[in-house]
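Letters go in sequence order (proteins before strands), and every chain restarts at 1.
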Amino acid sequence: MPLIIKDEYPEVLFREDGKRLDGREKNELRPIKMEVGVIKNADGSAYLEWGDNKIFAAVYGPREVHPHHLAKPDRGILRVFYRMATFSVFDRKRPAPGRREKEISMIISDCIEPILFLELYPGTSFEVFIEVINADGGTRCASTTVAALALADAGIPMKSLVSAVAVGKIDGKIVVDLSGIEDKAGEADLPCAITWYNKEISLLQFDGDMDLNEMSEFLDLAKDALGRIHQIQLEVLKSKFLTIQEKSDEIIVNKENQGES
Amino acid sequence: MPLIIKDEYPEVLFREDGKRLDGREKNELRPIKMEVGVIKNADGSAYLEWGDNKIFAAVYGPREVHPHHLAKPDRGILRVFYRMATFSVFDRKRPAPGRREKEISMIISDCIEPILFLELYPGTSFEVFIEVINADGGTRCASTTVAALALADAGIPMKSLVSAVAVGKIDGKIVVDLSGIEDKAGEADLPCAITWYNKEISLLQFDGDMDLNEMSEFLDLAKDALGRIHQIQLEVLKSKFLTIQEKSDEIIVNKENQGES
Amino acid sequence: MPLIIKDEYPEVLFREDGKRLDGREKNELRPIKMEVGVIKNADGSAYLEWGDNKIFAAVYGPREVHPHHLAKPDRGILRVFYRMATFSVFDRKRPAPGRREKEISMIISDCIEPILFLELYPGTSFEVFIEVINADGGTRCASTTVAALALADAGIPMKSLVSAVAVGKIDGKIVVDLSGIEDKAGEADLPCAITWYNKEISLLQFDGDMDLNEMSEFLDLAKDALGRIHQIQLEVLKSKFLTIQEKSDEIIVNKENQGES
Amino acid sequence: MMDVKRVISKIEKNYIINNLRKQERIDGRGLWDYRKFKIQSDIISSAEGSADVSLGETRIITGLKYEVGEPFPDLPNEGVCTVMAELLPLASPLFERGPPDEQSIELARVVDRGIRHADCVQTKKLCIKENEAVYILFVDMYVINYDGNLIDAGGISALTTLISAHIPEGKIENGNLEWTGKYFTGESIVNELPIVITYGKIGDIVFLDPNLPEELVCDGRISISVTEDKITSIQKSGAATFSIDELKMLGDKSLEIGKKLRKDLNLWQYKAKYK
Amino acid sequence: MMDVKRVISKIEKNYIINNLRKQERIDGRGLWDYRKFKIQSDIISSAEGSADVSLGETRIITGLKYEVGEPFPDLPNEGVCTVMAELLPLASPLFERGPPDEQSIELARVVDRGIRHADCVQTKKLCIKENEAVYILFVDMYVINYDGNLIDAGGISALTTLISAHIPEGKIENGNLEWTGKYFTGESIVNELPIVITYGKIGDIVFLDPNLPEELVCDGRISISVTEDKITSIQKSGAATFSIDELKMLGDKSLEIGKKLRKDLNLWQYKAKYK
Amino acid sequence: MMDVKRVISKIEKNYIINNLRKQERIDGRGLWDYRKFKIQSDIISSAEGSADVSLGETRIITGLKYEVGEPFPDLPNEGVCTVMAELLPLASPLFERGPPDEQSIELARVVDRGIRHADCVQTKKLCIKENEAVYILFVDMYVINYDGNLIDAGGISALTTLISAHIPEGKIENGNLEWTGKYFTGESIVNELPIVITYGKIGDIVFLDPNLPEELVCDGRISISVTEDKITSIQKSGAATFSIDELKMLGDKSLEIGKKLRKDLNLWQYKAKYK
């Protein structure tokens, strides 16, 4: 006997003023905030808020492979574990990882692998742990984006960052960055990612329906949005290195002061 | 709330003309068809239709043992995995292997082991995979019979074939090769197998009740039926080797033709 | 639809004559019987009846560690597996070990470890298996007590024995050795154990409420009861060694007799 | 991608790639050719629908079973159709025993999404009584031999199985579920026929229907499901990346190939004869 | 058979076999002798029936629990009786922790089939109200010490447990299940007493009740369940084969041994005193 | 205790111990000082209550979800509150993937018992209709960074989560469960605030709130839950032993520290604003 408070979908997804229910324009992203170095124990980590998504990513590696037989003599391996907290969704998720989580883990791993130089790390592994503590649509894209940042935070050599976003169709109109409600009530959903070193699509899924023209439109819209997400990632990293720079400056200053005293 | 279409049992198992419901005499087998080499990836394979049973068997080995600690320094090991497809029975079977499948795997393994020369293959394993995709009574016997054929197809040295059949009692009468419906509605069921190199019983189970006279009758009837099944197995293998023979002949002929050209 | 025979709790836990429902005084233990050497295959074993608790303990070790990676180069490891039979409680327990069993295993292991010289056994393991076949309150304490006896029976060097008992509060009064019914209907439960080599508390849990005075009273009462339990353990071991002594005497006598004949 | 790439030697890998560069494939096909499909339906008497589909030497046997259960509270008049896949160790030395791994989850999920999102299965037809009783369909795929491209073989296998469906028709009579004596068939359940089409990519070469050696050496794959004139589902897998132009080209190709395949296979011929 | 044959040395193996050839056994028994049975019943106060059975040094403690549940739709007036076995690692260094392995499944299944097929448990007596409520009995066997031939010890243990049963009698009163205050006992549930008898085979020598060293070196075993005058269940295990004449001889032997054991053990003495 | 003690070198271990002997700690605290608590509440919009609690660098995020179910037959008018803990491998190289291990079971159980036995959660308030419908609360803790003493951080995290609860109020209307449109909040569920306080012991030195290096080298720990004037729960873990005098001293200390912490943290400030 479930309590009758439904995770209900609205009948229309646009307001009378033509804006989306959360006030956004069609090609407008939800607010995005990222931070690196949030998990002290990890080799690299990042935290992201994207709309109501709240996601941690932590990277451990290169390190010994467990279990041993998974190690490859000629290259490192990448393992991504995407998980959702039980309370991150409307109906409590069961604690054990489900098929969906395994599938998304694989999707993200496939998306990130091209940016790494795994051939430089034979016999080792990189583990990327992603924990969604609040989900609001587009978690696989948000997770990919924050995972790339955690890898960069770990100082692992990368060809480039990767950025991800979902475009979709709601009430017949093509929009960028579907919110949770738009995802569920909408007609089509195309999560995708770009690896910036070659500007190619590295994650691509689609469910819904589109003709070839719409497909073009989807991809063009995504590319534009991905550029903006990339900028945010770069700024977070830049400010991290500035901070580090400032700290080293301080140290130098302090030393000089000590020298003087 | 299950839909009321029952897997119902008839009240009598003989027709007015004294024949069984599917028209067979008491000592008549259901139609049997076998084929070898049906699974290209396997070292040996076979497919069998026996009444409405449809069963694949594939053999891999001798090969490295996984996990390693199961390997035996003085002999090879045999592992049989009997499985039923979810849709092979009236009520959908759960996908994970159950106790019944594990028990039957062991029964078949114990039955087949005597015909092999495992002591010639120290440190290795033979795996026999059996998949029942349509079940209609007597699957353990049919599986044993088709597994023997797959082993022969793999070219593994064997003392002899092994053949299996179930005899049983229905409406008080002793019959051979119980169909699915006879198995469920009957009073006794005696699956058994003979290893032909020593003409001894290598698989034997029984559920029901029988006195000593009936036991004799069961075993004699089984022996006769097993002889006929053995013949079918031999013919399938013979025709395989004839085919191979013909093909080599062709090759020789072609070569000769080439030689001439 | 459960059958309405409840595992009901009485409203009062003392009789009119001031005694507890099973006739005991407040500081009186239930009857305790112990025996060693009851499981022939084990390196050491013991059986205990304590009220209606019936518990077996068996010790295997020092032996090779399975799986290998758990072994420690500088010391032996101790592993305790506390389990309850399905029929040991009012509502059938599920066969697979649950969280409660894992927690109690850890508690007992932590309690026993101090009495062992694990540093003398690098690379090996001691396994203590405990099986509760009838449970009646205080099984973790009874299990600890019988496990200590099984370790002694195995001839493993020990600093001392360890003894355990639960004290508690029922109907506002502090009593020793809670029975099953007192445990469930009572207000507080403090299982504890003493390692005799240093007379310190090695197992301690508490649920209920107590002020500091009550805490003192609990611990003092426990200490007194633990002394009595220790005596019983020692007597069981003494009688074992007497028995062995007698047997060797017999052998000597027999040999002498043979010499004479 | 699978963890078995190492089983292919470097020499063989170079051989495959060099041929592909010349637009040649080791089995003689052109870049945009499918291997041969072989389809049989209604082969399992204990199932309420079934198919035996081969794509070259890849072979998948699929069966349909049903249960009657309560609908989800938020979809009170819709049944459910689930897809499961087992990569039987019988089918390849590359498959291991044990719980479903990533590859079998991927196969099941991609086929499932192809069916779920393309208006293929009419889940509202699977309702016996609103809020009370709906059909739950299980489309279970068993891989019998593995020679690459399980997804396209699985897609056709699942579709054929659904088309061949013949499910006892139940109704609620005085609170009890009873059989009317009739069946309802794939014809009334299945609407659209979404075809899933998979391409491999090695370096910058893209090609249709990878066979096993190609699958083992390729950088990645992309599977595109299409109806008559729409793309309904996409899944990229493996470490390949695709340029936007490539994707547009593949969208176009898929509609064209889908059209041809839909005609050639003529899947409606497999509909059940039960009434 | 178990995977532990290697623990027995070749020397010991030859010693056992050579003795058997001379019709001698390492523990002094003849080929057709049982070790001593020791039986106690109703030893577990929290169980609705129990037994502690030793056969030589092999010891099994069994308890009965019940639940009330709905009957299977096709057997609306029959209860259910299930058998489970645990080979506790406490009982032998040969037993490992973890989910049930082949040997424990075999023990449970052979004992279960012995009970199920011989008109032993009267499942119709386990019905409280047709279509609504039946008893589900759980006969759970725990191996406490393992010295060979678990099956025969388990069979006697399960029978004694069922005979000692005392289950609260429920009835449906206004749609609720209530306790009548009475018990129904093993006497009313158990009809036939099928005895399961196990033989080992080494080379061409067959012998009764293998102890542990014999079990570890033998080629295989056969277990035969008998009532007064019928064979009700057979299970061959291990890689031994039996000639048809041997089987007929063993059938005969089993009826004879079963008759004697039934008399010697007099299991009905263990019936519950509850009312 | 954890199986990872070996990760700390002997030198480091001696350094920690020698400092403790001098009543000094590696992070500069005194023996009876807590690290700094940082608390945020209601941070998860999809949860019906949540908290983000740091104790030094140890950080735990906790969320509350609910379901509506039937009560246990013997407690027909009481809801249920369960506690789960996950030691995410994201939080430390010492944590492994897989099902809950001993350490996470201990964390969940100790926090759960602290809540359950101290008249903290008013389970009778969680009843919607006697015998029919009660709330089942899930308090799920996720460890985000691990720097020692998970239990005290978890305890505060669980309490804050419960205090911040805002659960839709249901009522039974004509046999259906419906939402009244109102919420009931932590204020009406939570009564007592039991504070759990953990000490480490090395040799004969006892100290409050072990950080990770201390936890890795210590012999054992003891956790004591206290209300204003009572001890409500104790759990000793690890191979340390405690003298009776030490225990009495720690009981006294805990009441004192609990009082201070309760005042400093002022947890009621985190109560939900929903109505």
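For a residue to count as touching a neighbouring chain, one of its non-hydrogen atoms must lie under 4.5 Å from one of that chain's; by this rule Asp220(A) touches chain D with the side chain only. The contact between Asn198(A) and chain D is made entirely by side chain atoms (from C-beta outward), counting heavy-atom distances below 4.5 Å. Both the backbone and the side chain of Ser202(A) have a heavy atom closer than 4.5 Å to some heavy atom of chain D. Both the backbone and the side chain of Leu247(D) come within contact range of chain A, with heavy atoms under 4.5 Å apart.
Ranking Thr227(D), Ile105(D), Ile222(D) against chain A, the residue ahead of the rest is Ile105(D), based on heavy-atom pairs under 4.5 Å. Ranked by non-hydrogen atom pairs under 4.5 Å with chain D, the options Leu219(A), Leu203(A), Ile194(A) are led by Leu219(A). Of all the listed residues (Ile244(D), Asp245(D), Ile234(D)), the one sharing the greatest number of non-hydrogen pairs under 4.5 Å with chain A is Ile234(D). Chain D forms the most heavy-atom pairs under 4.5 Å with one residue out of Met215(A), Lys199(A), Lys223(A), and that residue is Met215(A). By number of non-hydrogen pairs under 4.5 angstrom with chain D, the leading residue of Leu78(A), Leu212(A), Asp207(A) is Asp207(A).
Residues Asp209(D) and Asn149(D) bring a donor and an acceptor atom of their side chains to less than 3.5 Å of each other. With no hydrogens or angles considered, a side-chain donor-acceptor pair links Gln235(D) and Arg113(D) at under 3.5 Å.
Within the cation-pi definition used here (under 6.0 Å to the ring centroid, within 45° of the axis), Lys159(A) qualifies as a partner of Phe117(A).
Using a 30° and 60° split on the angle between ring planes, Phe129(A) and Phe81(A) fall in the parallel class, below 30°.
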- prompt: Going through the distances and angles, do Arg75(A) and Glu119(A) end up as a salt bridge (charged side-chain N to carboxylate O under 4.0 Å, His left out)?
  reply: CA-CA 4 Å; Arg75(A) 53 200 287 269; Glu119(A) 61 281 9; 5.9 Å; no
Show the atom names and distances, to 0.1 Å, of all donor-acceptor pairs under 3.5 Å that link a side chain in residues 248-259 of chain D to residues at least two apart or in another chain.
residue: Ser254(D); atom: OG; partner: Tyr199(D); partner atom: OH; Å: 2.8
residue: Ser254(D); atom: OG; partner: Leu250(D); partner atom: O; Å: 2.7

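Residue pairs satisfying the ring-ring contact (aromatic ring centres under 6.0 Å, His included) criterion with at least one member in residues 171-204 of chain A, sequence neighbours excluded, are listed as follows: Trp196(A)-His230(A).
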